[in-house]
Amino acid sequence: MSKRVCREPKCPTLVSPDAYRGRCAKHQQAYEAQRGTNAQRGYDAEYRRTKAGYEADLRAGKTLTCVICTQPITALPVTPQHSRDRTHIVGPGHEACNLRDAGLASHGLPWTPPAPPGEGG
């Protein structure tokens, strides 16, 4: 595959297609510094304990319900869902629901559950 220009505006550096997020090393380092550490983003020891607890419950046969789509969680991984203000964990979620919710939240959009299979389009 051919190289591409760094994603940062006005940066002419060519990066390989497998470069992390398409940025050159200089701009990737700046991006990571701006994002903050895992703990600053809410993935601290409490988060890891909660995730391990949800996954142990699921392995033990306990029924967990996704706080986002309200459907049963039947497979790992189980993702602890943060509140929109990221101050606390509101419950377990499907990984896909969690990622979709985060993407919508980053654009200021509310969660809208997908239509059940076979309904709508």
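Reckoned from all heavy atoms, side chains included, excluding hydrogens, waters and symmetry mates.
- Residues satisfying the ring pair (Phe, Tyr, Trp, His ring centres under 6.0 Å) criterion with Y47, sequence neighbours excluded, are Y43, H82.
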Derivation of the side-chain contact (heavy atoms from CB on, under 4.5 Å) call for D57 and R59: CA-CA 6 Å; D57 288 347; R59 281 190 213 96; over 6 Å; no
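- Considering only heavy atoms from C-beta on, R23 comes within 4.5 Å of E8 through its side chain.
- Put simply, CD on E95 and CD on Q81 are 12.0 Å apart, with the number rounded to the nearest 0.5 Å.
- Of the candidates T50, V78, I73, V78 is the only one forming a side-chain contact (heavy atoms from CB on, under 4.5 Å) with E55.
- In plain terms, the two heavy atoms of P80 and I89 that are nearest each other are CB-CG2, 3.7 Å.
- Ion pairing between R35 and E32 holds under the 4.0 Å rule for side-chain N and carboxylate O.
- Here Y31 contributes atom OH and R7 contributes atom CZ; the two are 7.5 Å apart, rounded to the nearest 0.5 Å.
- No donor-acceptor pair under 3.5 Å is formed between the side chain of Q28 and the backbone N or O of A25.
- Across all their heavy atoms, P12 and K10 have their closest contact at CD-O, 3.4 Å.
- Of the listed residues (V15, L14, T13), just one forms a side-chain contact (heavy atoms from CB on, under 4.5 Å) with K3, and that residue is L14.
- Contact annotation: the side chain of P92 approaches that of V67 to within less than 4.5 Å [non-hydrogen atoms, C-beta and beyond].
- Linking Ile, Leu, Val, Met, Phe, Trp and Tyr whenever their side-chain heavy atoms come within less than 4.5 Å leaves L104 and L99 in two separate clusters.
- Partner H94 forms a side-chain contact (heavy atoms from CB on, under 4.5 Å) with one of P72, P77, C69 and no other, that one being C69.
- Considering all non-hydrogen atoms of both residues, H88 and V90 come closest at NE2-CG1, 3.6 Å.
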